[in-house]
Amino acid sequence: MPLLRDQLPPIKIERAQIQHVVLNLLRNALDALESNPEDRREVVLETLGHRESVELIVSDNGPGVPEGVRARMFSPFYSTKASGAGLGLPISHSIM
């Protein structure tokens with residue numbers, strides 16, 4: 001079963017905004033894998049079609065989100081990364 005479906009319902013999107021969201025999620029997934037050995041890093045993209053919507057799932061086999069971070073991860077300017085601005089997830093969340 002392919003993870004990226006060929007037959008998805010048509011949806012109206014702002015291309016640049018969706019690109020921003022997907023790239024941000026991919027960057028976060030790749031950052032989460034830094035602690036894994038190189039041969040044990042995995043990122044999976046999956047699409048699901050619903051009646052009038054499309055779902056994109058980005059998953060990785062990193063350590064996961066610590067419980068204390070979950071409540072704040074969509075807050076502007078909150079980041080767990082030393083060089084993070086804390087804007088990627090809040091902007092992505094507002095786009096979606």
Side-chain angles (χ1 to χ4, degrees):
M1 174 175 354
L3 296 177
L4 297 176
R5 307 287 191 283
D6 288 331
Q7 299 297 319
L8 294 170
I11 56 172
K12 292 182 181 183
I13 60 170
E14 289 288 333
R15 185 178 186 159
Q17 290 182 336
I18 295 302
Q19 287 175 339
H20 171 85
V21 171
V22 172
L23 288 174
N24 183 68
L25 294 175
L26 284 172
R27 260 189 252 117
N28 287 348
L30 294 172
D31 288 346
L33 297 176
E34 286 182 1
S35 62
N36 287 15
E38 284 188 28
D39 63 337
R40 308 282 294 165
R41 297 177 184 179
E42 184 176 311
V43 176
V44 177
L45 299 177
E46 181 178 4
T47 53
L48 301 173
H50 304 286
R51 284 187 174 175
E52 296 179 7
S53 66
V54 172
E55 183 177 356
L56 171 68
I57 301 165
V58 179
S59 58
D60 63 69
N61 66 337
V65 179
E67 192 63 42
V69 172
R70 288 182 194 182
R72 299 180 62 196
M73 62 194 274
F74 292 104
S75 299
F77 308 111
Y78 176 77
S79 180
T80 59
K81 302 173 191 175
S83 62
L87 294 173
L89 284 178
I91 290 172
S92 295
H93 187 256
S94 70
I95 290 170
M96 298 316 295

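Annotation: side-chain contact (heavy atoms from CB on, under 4.5 Å) contacts of T80 (sequence neighbours excluded): V69, Y78. For R51, the salt bridge (Lys or Arg N to Asp or Glu O under 4.0 Å) criterion is met by no residue, not counting sequence neighbours. Not counting sequence neighbours, the partners of H93 by the ring pair (Phe, Tyr, Trp, His ring centres under 6.0 Å) test are F74. Partners of I95 by side-chain contact (heavy atoms from CB on, under 4.5 Å), not counting sequence neighbours, listed by chain and number: Q17, H20, V21, I91. Under the salt bridge (Lys or Arg N to Asp or Glu O under 4.0 Å) criterion, E55 pairs with no residue at all, not counting sequence neighbours.
A continuous path of Ile, Leu, Val, Met, Phe, Trp and Tyr side chains, each step under 4.5 Å between heavy atoms, connects M73 with M96, placing both in one hydrophobic cluster. Both L56 and I13 are members of a single hydrophobic cluster when ILVMFWY side chains are connected at heavy-atom separations under 4.5 Å. Hydrophobic cluster membership is shared by I11 and L45, with clusters built from Ile, Leu, Val, Met, Phe, Trp and Tyr side chains linked at under 4.5 angstrom. Residues L8 and V22 share a hydrophobic cluster, clusters being chains of Ile/Leu/Val/Met/Phe/Trp/Tyr side chains in contact below 4.5 Å. If you chain together hydrophobic residues whose side chains sit under 4.5 Å apart, L48 and L4 never meet in one group.
The environment of CZ in R15 is sparse: at most 12 heavy-atom neighbours from other residues, nucleotides or ligands sit within 6.0 Å.
The stretch residues 87-96 participates, sequence neighbours left out, in no salt bridge (Lys or Arg N to Asp or Glu O under 4.0 Å) pair at all.
Rounding to the nearest 0.5 angstrom, the gap separating the OG atom in S79 from the CZ atom in R72 is 10.5 Å.
Nearest heavy atoms, G49 versus P9: CA-CD, 3.8 Å.
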Under 3.5 Å, which donor-acceptor pairs link side chains of residues 58-65 to any protein atom two or more places apart or in another chain?
unit_1, atom_1, unit_2, atom_2, d
D60, OD1, G62, N, 2.7
N61, OD1, N36, ND2, 3.4
N61, OD1, E42, N, 2.9
N61, ND2, R40, O, 2.7

Donor-acceptor pairs are to be reported for all side-chain atoms of residues 24-34 against protein atoms at under 3.5 Å, with residues two or more places apart or in another chain.
unit_1, atom_1, unit_2, atom_2, d
N24, ND2, G88, O, 3.4
N24, ND2, S92, OG, 3.4
N28, OD1, K81, NZ, 2.7
D31, OD2, K81, NZ, 2.7

